[in-house]
Engineer: 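The structure is given below, and queries will be raised subsequently.
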Amino acid sequence: MKQSIVRRILVVISLLLLLLVSVGGAIAQEPVTITWWTLASAESPEPAIRAVVEAFEAEHPNIKIDVTIMAESAYGDLMNTAIGAGEGAPDIAYFWEAPWLPHTLDITDHLEADPDLSRDDYFEEYFNNWAVWNDRVVGLPFTVGANFVMYNKDVFDEAGVDYPSADWTPWDYIEIAKALTDPDKRRWGGDRPRGPFRAVWRNIGATKPYSDDSTTVEGYINGEDSVAAYTWLWDLVDSGATPTPADIEVLGTEGTGPVDLFIAGRLGMATLNNGHMITAANAEVNFGIVPEPHVPGNERFVHAWALRASIWAGTEHPDEAYEFLSFWAGPEGQRINMEIGALMPSLPSVLEDYPDAEADYFQGFLGVLNATQTAEWRATHPCWRGAVIRAVSDAWDLIMLGEIERDEVQATLDGLVEPAQAALDECVPRLGG
Amino acid sequence: MTAQERRDAKTGYLALSPWMAGFLVFYAFPILATLYFSFTQWTLVDRPVWIGLDNYIRMFTRDPLFVSSLKATTLFVALSLPLKLVLGLMLALLLNLKMPGMNVFRTVFFIPAVISGVAVSLMWIWFLQPDTGVVNTLLSYVGVQGPYWFWDLHWALPSVAIMSIWKVGGAAIIYLAGLQNIPAHLYEAAEIDGASKWRRFWRITLPLLTPTLFFQLIIELIDAFKIFTEAFVITKGGPLKATYFFLYYFYEEAFRNFNMGYASALALFLLVVIMSCTVFVYRTSGRWVYYEN
């Protein structure tokens with residue numbers, strides 16, 4: 001009798017266990033949905049985005065990706081609203097604004113535990129500047145972008161000028177630009193930088209517009225090296241070897257550079273980016289690439305950028321979100337975008353398979369990807385872009401307009417210390433420094 | 001109140017309710033929220049922090065950009081407003097002529113008023129391009145070296161004002177409606193009395209058009225204070241902040257500098273300025289606006 005009761009109890013327990021396992025299994029198989037907000041572009045067009053989702057879901061049947069492809073004009077507003085509300089933000093998105101960064105998930109542990117991906121897989125400068133913030137890994141760098149000088153070999157040959165080499169100086173740039181300029185052909189030798197404290201500034205030695213601790217402007221914006229850099233700009237504008245801001249505005253491309261003038265042969269040299277590089281290659285322009293000029297003995301900088309692909313800190317599925325992030329911004333996802341779109345991946349092992357990777361100009365482009373980036377400082381000082389640059393833009397405008405003399409550069413910069421300091425003091429408590 | 005009056009009132013409120021709901025949700029609430037945010041420091045994505053009057057103190061005591069943007073905007077209003085009012089009226093007088101095919105002209109002149117501001121701005125960049133633009137090319141035919149327009153410190157703001165006449169066709173249509181409301185018998189009587197065309201314009205057309213002029217003045221005044229697109233697309237506030245208009249400053253503070261609290265204070269200040277100007281125009285209208293009835 002007792003044995004029979006024990007047997008029955010065992011059967012009931014076994015059935016219960018079986019039920020639990022099967023229900024548990026069913027729950028475990030319920031797919032998790034990850035929301036993803038993204039943008040379509042020439043580098044990462046919609047078919048590439050859909051292909052990434054399809055490939056990922058095929059590999060991970062337990063994770064579904066709910067992708068929303070947005071217009072760039074709406075993206076910022078929607079992200080601000082969702083992050084500000086504390087709910088409804090996507091699990092995965094580009095987090096490109098400084099105030100969004102505290103709302104990203106720290107993926108340091110996930111990345112360290114990942115057997116298939118590590119920070120060493122990426123270009124070091126891109127990872128350090130676009131994935132790391134306040135010693136936290138806040139995302140993965142998606143794509144690479146950089147500025148460099150493209151020179152039109154036909155224009156150089158016609159003028160009998162030697163091609164520039166990587167060891168050229170900013171003053172060489174002016175001399176070469178003058179030699180290439182031909183008013184009869186409406187041709188300028190080179191273009192002008194598009195803002196202060198970018199690569200040329202740093203290469204001349206003007207390290208930053210204010211102190212690292214974001215407290216002091218005096219001695220930085222009006223320091224010796226900054227004056228040297230602004231004076232170099234004055235010399236360049238005065239040389240008459242560059243197009244005016246009006247020409248660049250009309251013939252440039254969305255404020256990113258006068259690629260049209262360059263392709264038309266009306267500009268011997270231009271500081272452009274890798275998107276322009278492909279445009280020029282497709283237009284069959286005979287061109288080469290060198291890094292922006294620098295002063296021997298100074299560290300060489302490059303103005304470069306990537307998109308920061310991150311996980312929202314409020315995600316309910318951090319593990320699954322990381323699975324997708326590491327796929328999309330890892331080798332598989334970036335390769336899909338490179339093959340379907342025109343993405344230049346931030347992983348050297350994938351970029352080396354780019355269709356034009358063997359071309360001379362592409363090798364020149366690869367040469368700048370490991371240089372120290374201006375973003376190293378800029379990325380951690382949001383007040384430069386947010387407030388201070390506006391306060392100091394008068395010096396830039398005065399030089400561009402030819403409104404000051406060469407010996408007035410120092411005094412002009414001295415005059416900017418007070419408004420720059422005020423802008424910094426107002427901004428740092430808000431955006432950090 | 002009788003039962004019928006109560007029923008009428010109920011029907012009236014019912015008919016009014018969709019507009020009221022829209023007003024409360026899309027106007028009253030945002031204005032009140034802006035008022036609240038103007039007393040805070042707020043980056044948009046973090047919680048607003050109450051800072052009392054700090055934003056207003058900064059605005060009125062230690063913000064050079066507030067002063068320069070207000071100055072640029074006031075200058076623009078002073079330049080563009082008379083230009084649009086006078087040219088709009090002149091165009092309306094022309095469009096009021098009885099000529100074959102006039103409806104085509106009316107349509108053609110109205111079209112620019114409905115074209116996107118960004119598209120128009122891009123087009124004007126080309127019009128006023130110093131080297132290859134249409135305007136300077138035409139000027140060169142008569143031996144005049146055109147200025148650098150948007151890229152010249154002294155010409156940038158006038159260029160934006162000149163550009164604003166592009167939309168004058170919209171104003172002309174309103175004037176046209178006013179002109180066509182003027183009774184024809186007044187002109188006939190004046191003509192019989194031997195009044196010249198100029199005298200008829202001064203004594204009949206202009207006085208009877210003053211209600212339209214009054215309406216147009218208020219609309220154009222508000223529109224001029226809200227100048228933004230041209231600065232955003234063409235000049236980026238430059239050169240040397242010559243076109244750094246108030247709304248452009250507001251935009252930069254709110255969406256580039258993530259200073260939504262301060263931007264809210266700026267927005268409210270602009271509201272007060274526009275409202276004050278409107279009230280001033282309204283109060284003085286009794287002296288110059290003539291209503292036939």
Side-chain angles (χ1 to χ4, degrees), chain A residues 73 76-77 79-86 89 95 97-103 186 195 243-252 254-255 266 312-313 382-391 393-404 418-419 422-423 425-427 429-432, chain B residues 40-49 51 54-55 58 61-65 68-69 118 122 124-133 136 146-156 159 233-242 244 248-249 252-262:
Chain A
S73 53
D77 291 344
M79 284 292 283
N80 281 326
T81 310
I83 294 172
F95 277 66
E97 295 288 4
W100 299 350
L101 290 176
H103 301 273
R186 296 174 63 81
T244 63
D247 295 311
I248 291 180
E249 180 68 40
V250 174
L251 299 165
E254 294 170 358
R266 289 187 57 197
W312 176 45
C383 287
W384 168 243
R385 176 181 171 270
V388 184
I389 197 167
R390 189 176 53 189
S393 65
D394 286 2
W396 180 269
D397 285 355
L398 284 166
I399 293 171
M400 285 287 171
L401 293 167
E403 292 280 329
I404 59 169
E418 194 183 329
D425 293 345
E426 180 281 319
C427 177
R430 205 159 30 80
L431 295 185
Chain B
T40 68
Q41 181 181 289
W42 184 36
T43 61
L44 264 177
V45 295
D46 293 309
R47 285 186 182 283
V49 179
I51 54 168
D54 279 9
N55 284 330
R58 177 189 161 200
T61 62
R62 52 175 200 277
D63 184 2
L65 283 176
S68 60
S69 62
V118 173
L122 292 173
W124 275 86
I125 289 179
W126 283 95
F127 274 178
L128 298 183
Q129 209 280 338
D131 292 332
T132 51
N136 277 10
Y148 265 66
W149 299 109
F150 296 121
W151 300 275
D152 182 301
L153 180 57
H154 308 291
W155 272 98
S159 301
V233 177
I234 305 173
T235 62
K236 312 285 183 293
L240 264 183
K241 301 193 174 65
Y244 202 80
Y248 186 70
Y249 182 34
E252 284 218 322
E253 279 299 302
F255 300 107
R256 199 171 160 82
N257 200 14
F258 286 92
N259 200 356
M260 197 48 97
Y262 191 62

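Naming convention: chains lettered A, B, ... in sequence-line order (proteins, then strands); numbering from 1 in each chain. Both backbone and side-chain heavy atoms feed into the values below; hydrogens, waters and symmetry mates do not.
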Engineer: Going by atom types only, do B:Asn259 and B:Glu253 share a side-chain donor-acceptor pair under 3.5 Å?
Structural biologist: yes

Engineer: With no hydrogens and no angle check, is any side-chain donor or acceptor of B:Asn136 less than 3.5 Å from a backbone partner on B:Leu128?
Structural biologist: no

Engineer: For B:Arg47, is it the side chain, the backbone, both or neither that has a heavy atom under 4.5 Å from a heavy atom of chain A?
Structural biologist: neither

Engineer: Top residue by heavy-atom pair count (under 4.5 Å) with chain A, among B:Phe150, B:Phe258, B:Tyr262?
Structural biologist: B:Phe258

Engineer: Contact part of B:Pro239 toward chain A, heavy-atom cut-off under 4.5 Å: side chain, backbone, both or neither?
Structural biologist: both

Engineer: Is it the backbone or the side chain of B:Asp63 that comes under 4.5 Å from a heavy atom of chain A, or both, or neither?
Structural biologist: neither

Engineer: Taking only residues two or more places apart in sequence, or in another chain, which ones meet A:Glu97 in a salt bridge (charged side-chain N to carboxylate O under 4.0 Å, His left out)?
Structural biologist: A:Arg385

Engineer: Non-hydrogen atoms of chain A under 4.5 Å away: do they reach the side chain of B:Tyr244, the backbone, both or neither?
Structural biologist: side chain

Engineer: Contact part of B:Tyr148 toward chain A, heavy-atom cut-off under 4.5 Å: side chain, backbone, both or neither?
Structural biologist: side chain

Engineer: Using modelled atom types and a 3.5 Å cut-off, is there a donor and acceptor pairing between side-chain atoms of A:Arg266 and backbone atoms of A:Arg186?
Structural biologist: yes

Engineer: Which bit of A:Ile83 comes within less than 4.5 Å of chain B, counting heavy atoms only: side chain, backbone, both or neither?
Structural biologist: both

Engineer: Could you check whether B:Gln41 and B:Asp54, counting side-chain N and O atoms only, form a donor-acceptor pair closer than 3.5 Å?
Structural biologist: no

Engineer: CD of A:Glu403: more than 12 outside heavy atoms within 6.0 angstrom?
Structural biologist: yes

Engineer: I want to check something: taking the side chain as every heavy atom from C-beta on, are B:Pro147 and B:His154 in contact at a cut-off of under 4.5 Å?
Structural biologist: no

Engineer: By a 4.5 Å heavy-atom criterion (distance strictly below it), what part of A:Ala387 contacts chain B: side chain, backbone, both, or neither?
Structural biologist: both

Engineer: I'd like to verify something: which residue of A:Gly76, A:Ala82, A:Pro99 has the highest number of heavy-atom pairs under 4.5 Å with chain B?
Structural biologist: A:Pro99

Engineer: Is chain B contacted by the side chain of A:Arg390, its backbone, both, or neither, given a heavy-atom distance below 4.5 Å?
Structural biologist: both

